[in-house]
Each structure stands twice: as structure tokens, then as C-alpha cells.
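Structure, as C-alpha cells:
In the text below, chain A, chain B and the rest are named by the order of the sequence lines, each starting its count at 1. Computed from a predicted structure; not experimentally measured.
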Amino acid sequence: MNKDLHNYIIQLGDNSLILGHRISEWCGHGPVLEQDIALTNIALDHVGQARMYYQLAATMEPGKTEDDYAYLRTVTEYKNLLLLEQENKDFGYTIARSFYYDQFHLLILRVLKSCGNKDLSEIAAQAYKEVSYHCRFSSDWVKRLGDGTEESHRRIQRALDEFFPYTAEFFAPSEADNYMAGKYGVDLSKLSSQWSVIVENIVREATLTMPTTPYPQLGGKQGRHSEKLGFILTELQYMQRTYPNSTW
Amino acid sequence: MKDWPLYEVFIRSKAGLHHRHVGSLHAADDTMAIEHARDVYCRRNEGVSIWVVKSDDIVANDPAESDALFNPAENKVYRHPTFYDLPDNVKHM
Amino acid sequence: MDNLKEKAFQDKIDQDTRIEPKDWMPENYRKALIRQISQHAHSEIVGMLPEGNWVTRAPNLRRKVALLAKVQDEAGHGLYLYAAAETLGVSRDDLIDQLHTGKAKYSSIFNYPTISWADMGTIGWLVDGAAIMNQVPLCRCSYGPYARAMVRVCKEESFHQRQGYEILLTLSRGTEAQKQMLQDSVNRWWWPSLMMFGPSDSDSPHSAQSMAWKIKRFSNDELRQRFVDACVDQARILGVTLPDPDLKWNEERGHYDFGEIDWDEFWQVVKGHGPCNKDRIETRVKAYEDGAWVREAATAYAEKQAKRKEKVA
């Protein structure tokens, strides 16, 4: 098995699963019924993508299933970005987290869509359509909240500021990222400036201020997570851990 | 705090068909109304095109005047093909 | 004058002509509909909570997406129903306020806790099953917007019961612990599911008028009997025992006889003393209050955008 490629696929799957899991926590608690439904659609997109990546990873590792990756790995084996495991807190934080990530996600998928790995490019092509919509959703909300009321402006600015230090991890390559850059030209360093331009434009249009960071938060891709992931896995894996070796 | 405005949603289920009224929803603005329509009424591949219009902007007739509006059409049977008698051996008409 | 109108109205209903929002209707018909439709909408929205509970704990990814999609459908159904109620001249905000202040009711079944994964299956099988029994006839109810909403609801609902039953089938073929989980869940949900059809016909105050108006098409007891009859075989396939020693086939009636429902429990839960009444409403109120600044922001933004557009034009 190609360990780097496998790790890369798992990294993608973990990002999708953990963000999808977080967004799914909104189900039944949204600010308005229509948005409850919208958020759940997005959560379903992410979990659906996670399944595609895990299923692909499972084809490389005989005997594994998608659920083994989701339900039977420990915190340190998870490779998702730190940003994505951060709590929903309020709608503003949820939007800020998605906004930063969606824009990055779309850039990555654009490259993956036409990369030389057929399996990945197929998944990326499907995901690209979904994530285009995610970008529209989260950036529209950044504008609404930024240019809405005084309160919403304050809240979304605070969320953008607080989550910004995590965005550096998007562009800090793991070994798997380096492999993908060398082998398939999925080069993170090229995406960084594109991402900044897109994000800054929307932030400015939303009458908000682009945050700066004195010190980046890194480590998710290497399994060094925040305290939050443990609690996510506690819930996520509750059934599989309590009743091992059962079919559901 | 008042509700967001109510919109009526019309969906074209596939190319070649009319848009059909499918229901309503609330949205703060037109863009959001389209997005909500997509999220609420197209979760199962129901549509290829969406129209939304603020419910307040729809002009409807008064049902009390229904007789005056619709009844006069009832006795104009000559507008329908079955009004005209043709022998059975005339085909394709 | 009103008598004549009322006669014409009842004639329309008797001929199965649908009533539409702008048509004349007796004030009591409007009130009864608002009460019934909003109760129904509230049930969908509160009904998201006991299952939403398990979205983050679903035992595998396939179950997770199915459950999430199902709970989302309930939000959709609540939305269609609120919209149907709104055609009668009441705002969604007012309806939600009635829910939050306890003026409006919702189905009591959602005041019971979901304490195991099997409950996701049982809710799908029994609770959605009972709901479908209630809802299918409403696709032909006399009020157009309600009937149309119900057609949509029923179409979407069809996967819900199967989703639940499949969960239970899997448990029934599983380990001893899974089988126990299944039986325990059915034990807890069976009686509350029977209560979903409402009080016995003799104790159902609004029933006769609702039937005449065709906003209700079968009596509570009729539907309950139908439900029991349908469940017995389904329970057998699952290998579970329905927790009613009096349940047995009655050759003469051609139906299953079943035991007496604990009506005291039913009324206590209706009055707010069920295990989860307070939690459910608190959760809804919190979601609504936490969302206020978001709704206000979108309104403010829309107003600003509209003004900008005006300036350009």
C-alpha cells in the first residue's frame, strides 16, 4: 500500500467527517427553520464526501471498511485540520469556520479534480459542485452578518479573529501533502495567496477587518489535536466502542 | 421581531415542463429565497429551475367574483372539438 | 346571510370540493384548522429533538446520513405545515410563540426520552407508522393547502418507516445485547404510540365537527385499530413481544383486541408532566432566542441592500 497516498485520502476524509459532524450538531437547533434545513444539507454533503474518501481508502487496505476509519481510530490517528474540530459556539463561529475552510476546500478540489489520480479526481469532481454551494452559503452569511446589525458585525468579527490562527494549517504541508505535491502537483504553497485574496475580498465587502495572527495553530494533520476532538469521538464512537463487533 | 417575508416557490421539475407552485417559505431577501427553495424543495432532485416571488407581490382574483370571471366560459361549448360532428370515417382530425 | 354561506360551504365540502385560502369559511373552521395544522407542525419540529439526539451517536456512517436526512425531512414537514397554517392568516412567529408559551400542543409522544439506539428504529417503525396512519387520510382533507402539504409530507415520509424498521431488523439478527435493546425499546414505545391517535372517540371533543368538515377523515379509535392490526405481524418478523397481555386476534371482529390504554398517563403528559416536556420546550426556546440576532442581521442586511439598489436605480 502507498502509505502517503492513503494518509492523504484519510486526511481528506477526516476533514469532511469532522466538519460534517460539527455542522450536524445544528440539526434541530438552527436560527430559523429554513436555515436548519440548509445546514443539514451541508452536513450531509460533508459526511457523504467522507464516506467516499474512506471507501476509497478501504480499497487500498484489505479487510477495512469506511466505518473502521470513522469509528475505530483514536484521536492521535485522526488527521483533520484543527479548525474543523472547533466548537459551533454560535452561528457566527459556525459560519466563520466554514467560510475559511470552504474557500480553501474549493481551491484544493479544483486541483484534485484534474490531478492524475483518477479515483481522487472523480470524488473531487462531485465534491466540487457541493463545495461551490458551500462557498456561496458561507460567504453570503459573512456578508449578511458583517453588514447586518451592530451585534452581528461584532459577533462575526470576533469569530473570524478567533479562528484565523487555525487557517495557517491549511498551507502547512504534511508528509502526505508533500507527496501529493511531488507526484500530482497538488501544491499547497501555490494556493495560499489565492485563498488570501478571495477571503480578503469577501471580508472587506462584509465591512469587516481581515485578522492577522502572531502565531499559527498547527498539528491536526499530524494527530496533535485540540481537546475538542476527544469529545467528538466520544460521541461519534460511543456505539461501536460500547458494543464491539456488532452489525448495525 | 417579525418573520422574514414569505415567498412562493415555483419549480420546473425537468426541462420542457412549466414551473409549478410547490409551496412557500420565509427568506430575508431574494437570494436567500432561491437558496432556501433549493434546500427545502429540491432535496430529492425535484427541480432544474426555481422561481421565487414575494407572496405579497402576487395578484389574485377575488373568489367572490368567481362566477363573473369563470362562469361565462362554461356555455361556450363551441370552443371544444367535441362540439363538432364528423362522420367516423374522417381520420386524423 | 351567514347561514346561507355556511350551507353553501358545507355543500362544497360534502361534494369534496376543496376550500382554498381566500374562499369564505366559517370562523370556527378557520380556528379548528389553525389549531390542527399548527399542532401538527409543532409536532414535526419538536419531533426533531428526540431523534436529533442520536445524530452524533449513530453507530455507522450509513445510519448517520439516513438519520440526518430523516430528521431534516421533519424540519421540512414542519415548514410545509407552518406555511399551510399561514394561508389562514396567522404568522409563523405567532404560531411559534404559542408553542413556546405552552398555548399550543404537540404530539405527546415526543415527550418521551430516546435512551438507546434502538429507539431510532422504534420511532421509525411505531411512531412514524402511527403518524402515517393519521396522515394519509389527510391528503384528502377539505382544506387545499393542508391537503397539498400532506401529499408532500406523505411522499417523503415513506422512507422514514422503512429506515426505522431496517434498524430494528438488523438488531433482531444481532447479538444478545442488541436483541435486548430492541425489546426494551419496543416495551417503552408501544403504549405511547397507541396514545398518538388521541383519546377514545367518546372522549374526543372536536371529533364530530372535524369529521363533518373533513379535516379529519377517520375516528381516533378506527385508526388505532388499524395500526394495531398492522403492527402485530411486523412485530412477529422482528421477533419482539408487544407488551400487552390482552393482545389477541378476535375472529368475530376480524381485528386484534388490545388492552386498556393508561389514559391517566396520556393526560398527564398532555398537561406537561411527561418525562421530557420541559426539556423539549426549553430546547426550542433556546434555539429560537439564540437565533434572534441572526434573523435580525439578515433583515438589516436585506434592507441595506434594497436601499443601495434604489440609489443606483
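We find the CG-NZ distance between B:Asp29 and C:Lys309 to be 9.0 Å, quoted to the nearest 0.5 Å. B:Asp3 CG to C:Glu86 CD: the interatomic distance, rounded to the nearest 0.5 Å, is 6.0 Å.
Interface residue C:Tyr301: only side-chain heavy atoms are found under 4.5 Å from chain B. For a residue to count as touching a neighbouring chain, one of its non-hydrogen atoms must lie under 4.5 Å from one of that chain's; by this rule C:Arg152 touches chain B with the side chain only. Contacts of C:Asp94 with chain B are absent, with no heavy-atom separation under 4.5 Å from either backbone or side chain. Residue contact with chain B, scored on non-hydrogen atoms closer than 4.5 Å, involves the backbone and the side chain of C:Glu156 alike.
For the set C:Ala298, C:Ala84, C:Ala302, the count of heavy-atom pairs under 4.5 angstrom toward chain B peaks at C:Ala298.
When the shell of 6.0 Å around CG of B:Asn75 is examined, it contains more than 12 heavy atoms from other residues, nucleotides or ligands. Within 6.0 Å of the CZ atom in C:Arg162, the count of heavy atoms belonging to other residues, nucleotides or ligands does not exceed 12. When the shell of 6.0 Å around NZ of C:Lys304 is examined, it contains more than 12 heavy atoms from other residues, nucleotides or ligands.
Annotation: side chain of C:Arg295 is not in contact with side chain of B:His26 (no heavy-atom distance under 4.5 Å). Under the 4.5 Å side-chain criterion, counting only non-hydrogen atoms from C-beta, C:Arg92 is not in contact with B:Leu6. A 4.5 Å side-chain heavy-atom check between B:Asp39 and C:Gln72 finds every atom pair outside the cut-off.
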Mind running side chain to side chain contact (heavy atoms under 4.5 Å, CB included) on B:Arg44 and C:Asp73 for me, showing each step along the way?
CA-CA 11 Å; B:Arg44 291 175 167 81; C:Asp73 272 351; 2.5 Å; yes
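The existence of a salt bridge linking B:Glu46 and C:Lys155 is excluded, since no basic side-chain nitrogen approaches an acidic carboxylate oxygen closer than 4.0 Å.
The heavy-atom pair separating C:Leu79 from B:Tyr41 by the smallest distance is CD2-OH, 4.0 Å. Here the closest heavy-atom approach between residue C:Val294 and residue B:Trp4 is recorded as O-CZ2, 4.4 Å.
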